[in-house]
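Values in this document were obtained by computation on a predicted structure and should not be read as measured data.
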Amino acid sequence: MVLNARLDHRDPLVFDTHELGRRPGALQRLTRTVDAPRDFGLQGVIGVPEGAPVELDLRLESVMEGVLVTGTARARARGECVRCLEPLEQQLEADFQELFSYPDADDRGRPVAEPGDDAEDDEDRFFVEDGLIGLEPVLRDAVVLALPMQPVCQEDCQGLCSECGVRLSDDPDHHHDAVDIRWAALQGLAGSLGDGEKDEMSGDGSDSADAAEKQEK
């Protein structure tokens with residue numbers, strides 16, 4: 001279980017639930033704009049830049065087991081198109097819902113003598129700590145799930161030319177003349193012949209033709 005000392009009430013992603021008073025059915029709605037923390041997204045692919053504004057619409061509801069948080073996060077994500085490598089921006093909207101359990105209650109809201117006995121279960125749960133809840137890990141998971149794994153600048157982006165690297169969307173008629181590999185060797189051989197060799201071959205052909213003509217006569 002997370003230690004209480006790790007939550008700081010001055011952190012903009014830490015929320016005070018004392019107003020709910022552990023009364024099942026009590027409800028609190030909040031709207032807050034916070035700065036995005038570091039590495040808020042898919043590292044090296046797309047994410048919300050550190051310090052960028054993130055708008056939060058939250059609904060905190062007291063239930064028997066703890067505090068149920070339902071919310072939506074909105075922000076601008078930046079990244080790079082996986083096809084043409086151009087920078088891109090897109091609007092991000094991530095919905096999330098998470099239960100923050102009271103550390104002194106089991107799954108049915110009943111008091112327990114020793115909270116946190118099952119360490120494996122505690123690792124997968126979030127807790128209300130001295131009336132505070134920390135939304136950063138929940139929000140981070142929601143943002144990662146909402147972001148595209150393969151972001152593109154536009155759905156019909158054609159990517160880059162595999163031969164010269166030009167962006168094909170900027171030049172739809174771009175192409176390269178294909179060379180039949182079966183003739184490539186002959187083209188290379190022809191290009192290696194010098195002018196003198198070509199002239200000599202032409203001369204030999206004339207002499208042969210003259211000799212043949214004399215023989216016929």
From [X] [atom1] over to [Y] [atom2], what is the distance, rounded to the nearest 0.5 angstrom?
X	Y	atom1	atom2	result
Leu30	Arg32	CG	CZ	6.5 Å
Gln97	Thr70	CD	OG1	3.5 Å
Leu132	Phe15	CG	CZ	11.0 Å
Glu65	Leu99	CD	CG	6.0 Å

List the atom pairs, with distances to 0.1 Å, where a side-chain N or O of residues 37-56 and a protein N or O form a donor-acceptor pair under 3.5 Å, not counting sequence neighbours.
none

So which heavy atom on [X] is nearest to which on [Y], and how close?
X	Y	answer
Glu136	Leu13	CB-CD1, 3.8 Å
Gln90	Pro148	NE2-CD, 3.4 Å
Pro103	Phe127	CA-CD2, 3.8 Å
Val67	Val128	CG2-CG2, 4.0 Å
Arg83	Asp156	NH1-C, 4.2 Å
Ala146	Leu92	CB-CD1, 3.6 Å

Are any of the side-chain heavy atoms of [X] and [Y] separated by less than 4.5 Å?
X	Y	answer
Leu58	Phe96	yes
Val144	Asp141	no
Cys81	Cys157	yes
His9	Asp11	no
Glu86	Cys84	yes

**Study point:** Partner residues of Phe100 under the ring-ring contact (aromatic ring centres under 6.0 Å, His included) criterion, sequence neighbours left out
**Key:**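 Listed in chain order: Phe126.
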
Going only through I, L, V, M, F, W and Y residues with side-chain contacts under 4.5 Å, is there a path from [X] to [Y]?
X	Y	value
Val138	Leu145	no
Leu135	Val63	no
Met64	Leu68	no
Leu27	Ile133	no

Practice item. Classify the side-chain pair Arg125/Ser101 by whether it contains a donor and acceptor separated by less than 3.5 Å. Key: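 Yes - a donor-acceptor pair under 3.5 Å links their side chains.
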
**Study point:** Pair Arg74 + Asp57: basic N to acidic O under 4.0 Å
**Key:**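 Salt bridge: yes.
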
